[in-house]
Every structure is written in structure tokens, then in C-alpha cells.
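Start at 1 and go down the list; that is how both ligands and their atoms are numbered. Position 1 is the first residue of the sequence; numbering continues from there.
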Amino acid sequence: MTDIILGKNQYGKAEVRVVRITRDTARHEIEDLNVTSQLRGDFASAHFDGNNEHVVATDTQKNTVYAFAKDGVGSPEEFLLRLGRHFTGEFDWVTGGRWEAEQYTWQRIEGDEGPHDHAFVAGGTETRTALVQIDGDDTTVIAGLQDLKVLKSTQSGFVGYPKEKYTTLPETEDRILATSVTAKWRYNRNDLDFNEVFADVRSRLLAGFSRNYSYALQHTLKEMAEAVLEAHPEIDEIRFSTPNSHHFVVDLSPFGLENPNEVFFAADRPYGLIEASFLREGADTDHWSWSGSAGFC
Ligand SMILES: O=c1[nH]c(=O)c2[nH]c(=O)[nH]c2[nH]1
């Protein structure tokens, strides 16, 4: 018999879809989440002995998500912290875990008499994300957003790159810059008003994107990161994954027409993929809490 030991493992229920309507008044609130709960700890006997006495069923984890939603969500970060503290507090052998959520954006429909009380429209492509990682006494919260589509129609260029035998790209000092931002930022505290900080980070990301001339998407990411890290000492690090959604000027000369950056072909692929992390000086460049977050360098 080959000796086998158990390496890293975690388990739980993935993608629990929960919609919480707060209906204390006629003006309803909606919170729409996709929650994943994964436990880590001593689960060797389940893997080696067929003994499930430590296995808090994934079905139980799913039910806990729905039961906790009865008390309200509040913010995805707080909701995940409640779940994580519950599982690590309730079961001695659960020493940590990973709790992750996406929150979908719903906005009130503008009705005849202003914002509607209980009718909503999906808020475009953007999704808010949250992650809570617990390892023993360490709890780390990472907030984020994905698929936030932004574009500026001028004040962007790309020049000065190496020209060699495979280079055909012409330099430009006036192009469209467009991307779909996926960003995640790591907090150094857990006692925050997460909704308030999220709203402010989002608006600073947009301000950073739009503020200055862009020499490259790389340069603009640094502007966005700086806007966030300067204003939020409770954030140690922000990571980006951003496709450069190329817009090519269409050659209209065959039709005898000029095209001074007015008509573009919006290519969906291939796209440049620009990823970068920015940290407060002295922060941990490889913090353990990023483990399992795919799609970032
Ligand atoms: O903002 C850009 N960054 C690049 O790295 C790059 N490369 C490229 O071909 N175009 C661009 N644009």
C-alpha cells in the first residue's frame, strides 16, 4: 500500500442564490447574492475512514445562508463575516474557511411618481464581490467589483513602445480607452461600514479612470489605485484585471470619407489583458488571503 497523506482541502456549498427583500415599509429593498461557503479544518477521518462526524453537510451550509438572510444581509462583507464566525465558532474542528459572494446590482425603476417602491431594473454588467478568509485567529476581508465597463473617448494615447520586426501598431496620442474593470481590495480592518467604503472606492476608481491623460491602461490603473489608497488607510492593497477593449478607427477612405476618430470597430477579441496590484509601502505583497482567487496575477 502506498502511504497517502491528506493535503490542502476545503469543502462547502457553492453559489447559493439568495434574494432578500426587506419589506418593513411599502418601499422595499432588494439584496441579491450568490454565496459560496467552504470550510477548512480537521476532515481527515472523512477522507480516510469514511467517518463523517466532522462533516458539516454542504446542505446544512446552504440552509445556514438562507436562515441568516432572514436576519438581513446588511452588506455582503458583514454577511460573510457572520457565516464565517458561525461555522468556526460552532464546530471546534472547523479552524477556518473561505466565504465568497457576488452581489448583483438592482436599481429602482423610475416610475410615474419617482423611484418605484418595489420594481427594479438590473444595473448593467457590474457585480459587487466580497471574500472573507478565516485562518485560526486571522480574519481578512477582500472587497471588489467585476465587469464595471468604462470608456473615455479621448485623453488616451499609446506611444514609445519598442518597434521591432513584428510591430505594426501605429503610435497614437488620441484613442479610445475602454475596459471592463475587475478590482479587488484587501482591508486591514473588519470593523467598517462596508457599504459606505464600497461606494466611495467605486466612485474614486471612476474618478481615477477619468481624471488625467492616459499613457497606457497600465498608467491609468496606477491612477485609480492611488485615488483609492490615498483616501482609504483601511485598504492595504488593490488588484486589477482589466481587458483593453480595443477600438480601431475604420478606414473610410475607400468611400471618399475622412474619419477623424469618429467611427470605430469595437473588437471583442483578442484583447490586451492588463493585470496589476498596488500596495501601500510595507504591505505584504503575497498575503495568504488571496489564495483561491483566480484571475489575478
Ligand atoms: O494601454 C495599452 N497597454 C499596452 O500594453 C498595450 N499594448 C498594445 O498593443 N496596446 C496597448 N495599450
Side-chain angles (χ1 to χ4, degrees), residues 124-129 142-186 198 200-232 235-254 257-281 283 285-287 290 293-297:
T125 55
E126 179 190 349
T127 300
R128 177 173 169 180
T129 61
I142 294 176
L145 49 77
Q146 62 196 33
D147 302 328
L148 177 66
K149 285 182 88 167
V150 286
L151 179 151
K152 53 197 233 173
S153 51
T154 187
Q155 289 292 300
S156 160
F158 188 61
V159 300
Y161 46 86
K163 317 291 183 308
E164 46 89 277
K165 73 175 181 177
Y166 297 120
T167 307
T168 57
L169 184 74
E171 295 199 335
T172 176
E173 293 185 338
D174 188 5
R175 66 172 184 173
I176 284 181
L177 181 67
T179 187
S180 180
V181 178
T182 294
K184 292 183 190 290
W185 52 94
R186 177 168 60 81
F198 176 86
D200 193 69
V201 169
R202 183 185 183 280
S203 74
R204 284 176 198 279
L205 287 171
L206 295 177
F209 175 79
S210 53
R211 187 171 294 127
N212 292 325
Y213 184 87
S214 169
Y215 292 93
L217 183 49
Q218 288 91 329
H219 172 244
T220 296
L221 294 185
K222 183 259 173 188
E223 301 270 282
M224 294 164 77
E226 197 169 52
V228 170
L229 292 174
E230 251 172 25
H232 290 284
I235 297 173
D236 268 355
E237 176 181 12
I238 181 162
R239 296 187 178 192
F240 295 97
S241 179
T242 47
N244 190 357
S245 309
H246 304 303
H247 286 67
F248 298 109
V249 177
V250 178
D251 179 8
L252 296 179
S253 64
L257 299 172
E258 294 194 347
N259 187 7
N261 272 359
E262 289 174 324
V263 180
F264 295 85
F265 163 56
D268 67 341
R269 64 193 75 168
Y271 49 88
L273 182 58
I274 315 297
E275 300 185 330
S277 54
F278 298 90
L279 298 101
R280 205 168 284 295
E281 186 87 51
T285 55
D286 192 22
H287 197 269
W290 292 102
S293 292
F296 288 86
C297 58

S.K.: Any idea how Y161 and F158 line up, ring-wise: parallel (<30°), tilted (30 to 60°), or perpendicular (>60°)?
M.R.: parallel
S.K.: Show which atoms of ligand 1 fall inside a sub-4.0 Å distance from at least one heavy-atom site of A216.
M.R.: 1 (O)
S.K.: Around E173, counting heavy atoms of other residues, nucleotides and ligands shown, do more than 12 lie under 6.0 Å from its CD?
M.R.: no
S.K.: Which residue and non-hydrogen atom of the protein lie closest to atom 8 (C) of ligand 1, and at what distance in Å?
M.R.: F158 CE2, 3.5 Å
S.K.: Give the contacting part of R175 toward ligand 1: side chain, backbone, both or neither, where contact means a heavy-atom distance below 4.0 Å.
M.R.: side chain
S.K.: Inspect the surroundings of CZ in F278 and state if more than 12 heavy atoms from other residues, nucleotides or ligands are less than 6.0 Å away.
M.R.: yes
S.K.: May I ask which of T167, N244, L169 has a heavy atom nearer to atom 2 (C) of ligand 1 than the others do?
M.R.: N244
S.K.: When only distance counts, is Q218 in polar contact with ligand 1, meaning an N/O pair under 3.5 Å?
M.R.: yes
S.K.: Using a cut-off of 6.0 Å, state whether more than 12 heavy atoms not belonging to Y215 lie near its atom OH.
M.R.: no
S.K.: Counting heavy atoms not belonging to E281, are there more than 12 under 6.0 Å from its CD?
M.R.: no
S.K.: Below 3.5 Å, N or O to N or O, backbone or side chain included: is there any such pair between L217 and ligand 1?
M.R.: yes
